[in-house]
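Step one of this worksheet: look at the structure below.
Residue numbers start from 1 in every chain, and the chains themselves are labelled A, B, ... in the order their sequence lines are given, proteins ahead of strands.
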Amino acid sequence: MSKEITSRVTDYSQWYNDIVVKADLAEHSAVRGCMVIKPHGYAIWEKMQSILDRMFKDTGHSNAYFPLFIPKSYFSKEASHVDGFATECAVVTHYRLKNDGNGNIIVDENAKLEEELIVRPTSETIIWNTYKGWIESYRDLPILVNQWANVVRWEMRTRLFLRTAEFLWQEGHTAHATKEEAIEESERMLHVYADFVENWMAVPVVRGRKSANERFAGALETYCIEALMQDGKALQAGTSHFLGQNFAKAFDVKFTGRDGKLEHVWATSWGVSTRLIGALIMAHSDDSGLVIPPKLAPIQVVIVPIYKGTEELEVISSFVTELIVKLKAKGIAVKYDDRDTQRPGFKFAEYEMKGVPVRIAIGKRDMENGTVEVARRDTKTKLTVMQDGLEIYLQQLLEEIQQNLFDRALNFRDSHITKADSYEQFKTLLDEKGGFISAHWDGTPETEQRIKEETKATIRCIPLDNPQEDGVCILTGKPSVQRVLFARAY
RNA sequence: CGGGGUGUAGCGUAGCCCGGUAUCGCGCCACAUUUGGGAUGUGGAGGUCGUAGGUUCGAAUCCUGCCACCCCGACCA
């Protein structure tokens, strides 16, 4: 099957592509810029969905669904929002096809839509147009709604999971009576995201806010969590926006307060996407393939029998059947791979490629000794373990792997936040070390833009609770009150 | 959207300059021997050579248009 993958040092970006394809997560589709998410990749997404969905429900949110299509005029209502998305919108102009008489199917020019429809790149406009009808009084607030959906952004260059023309995500859209409450909500959801990414995906993040340049089109404040990939590039793993009253004003959404006065509603929106799968891959995986943290793994433990002849297999299988019951009782997702069409070595390599956290091999020798061979994916080490009490051992091992992955990523991240005090040093660090560079910035969009043009690095975020410290901007030498995190990013 | 490149079996490729219906490897199928890290042998199946047209007795090969993909820019929360 020749499933060799390119090593990370040879070509990191090819390594990434190889993992996605060879771990069977996704593939390019017949449609330009759009991917097919394969069952193994989708299983990871489903796992992410179910955990996040529970977290959203626990913080008081409900799911709903809004249309895929948005009337073009809605878009124009919020000026900065249009500017942000105009260049990457798919537009529906007709609603019918016809036969041209020569056996070709063509667009029926007589079926032109009176108003073109935009395929949603995000749903703020259609949602705020809807909320207008839901909100009259402070008693109708807050509205805490989330939707799981697909969106389309017509990107020029795409990468599986990281940037595709269509992708899956969730978008939360909330409406509040006060500014404070809306800000609190957007911060709360940022922390929900950080909690998920760190504790489930085992990827450490920096929580912060975006500079004006990087802010969401239409937001007053964009909060984000930034993660660091193994090649030293940053990846925005989630964003949460305080939208102020911008959309309420654009769609005329007002409510009557306790005091009887009419006021515009305060808004937030927040989202994470299938891009998280890209983050997962680039944070943990190695040259043998994908590495999935146990808490997100669709299969946590795979059992591979090693046998000669059906008689040996039967003995092993009856033991495994009992073991599976015990593992499931501990909540462990287990798979027994007794396919006779593949040899053990092949299976070992396959599950390594697919990132299964723990592999158990059981052969005749083990059956005689009352042992199994346990191999962990994160360290690629093997141990012989007693069958007795195996379920407890595995439960602890899975937790240990989860922790180890996080610690490893955290260690890498922390050793890749470097201070730079001059522009020369800044550029050298970017080229030679990568990672986040903590540097003083004069706070102006112009300076950020120039640094971006000259170095391809952007301000990833201004960390929350950022220590205040007097200094001078690395580019302009103007006074600065704090350092911000720069990096080259995905 | 600019500049460059590539399209040949599921995947990776040879052939193209110098025109004669296609090479090799992996994978796939069958059988046998195998099974503690990607098995081996024997046999077999699989191709509108991206697509449309042109030149020619004859086109994977030469010419033109189109499409797709890749790389570099531009663009991108």
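- Remark: W169(A) pairs with E171(A) by the side chain to side chain donor-acceptor pair (under 3.5 Å) rule, at least two apart or across chains.
- Residue-level contact check: K347(A) touches neither bases nor backbone, having no heavy atom under 4.0 Å from any strand.
- The shortest distance between the side-chain N/O atoms of R359(A) and the OP1/OP2 oxygens of rG37(B) is not below 4.0 Å.
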N/O donor to acceptor pairs below 3.5 angstrom from side-chain atoms of residues 80-93 of chain A, sequence neighbours left out:
residue : atom : partner : partner atom : Å
S80(A)  : OG   : E78(A)  : OE1          : 2.9
S80(A)  : OG   : G218(A) : N            : 3.3
H81(A)  : ND1  : A217(A) : O            : 3.0

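- Electrostatic pairing of R8(A) and D287(A) counts as a salt bridge here, judged by a charged N lying under 4.0 Å from a carboxylate O.
- Side-chain atoms of D340(A) lie closest to rU35(B) of the nucleotides rC76(B), rU35(B), rG38(B).
- With sequence neighbours excluded, the residues forming a side chain to side chain donor-acceptor pair (under 3.5 Å) with Q245(A) are E263(A), listed by chain and number.
- In this entry the base of rU21(B) is syn relative to its sugar, with a glycosidic angle within 90° of 0.
- Ion pair E185(A)/R188(A) flagged as a salt bridge, since at least one NZ, NE, NH1 or NH2 atom sits closer than 4.0 Å to an Asp/Glu carboxylate oxygen.
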Can you run through RNA chain B from 5' to 3' and write each base as (, ), [, ], | or . depending on how it pairs? Watson-Crick or G-U wobble, both distances under 3.5 Å. ((((((((.[[[..)....(...]]].((((((.....)))))).....[[[[[..)....]]]]])))))))....
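- Residues passing the side chain to side chain donor-acceptor pair (under 3.5 Å) test with T447(A), sequence neighbours excluded: D442(A), T444(A).
- Looking at residues 297-312 of chain A, you'll see I306(A), Y307(A), K308(A) sit with a heavy atom under 4.0 Å from some atom of RNA chain B.
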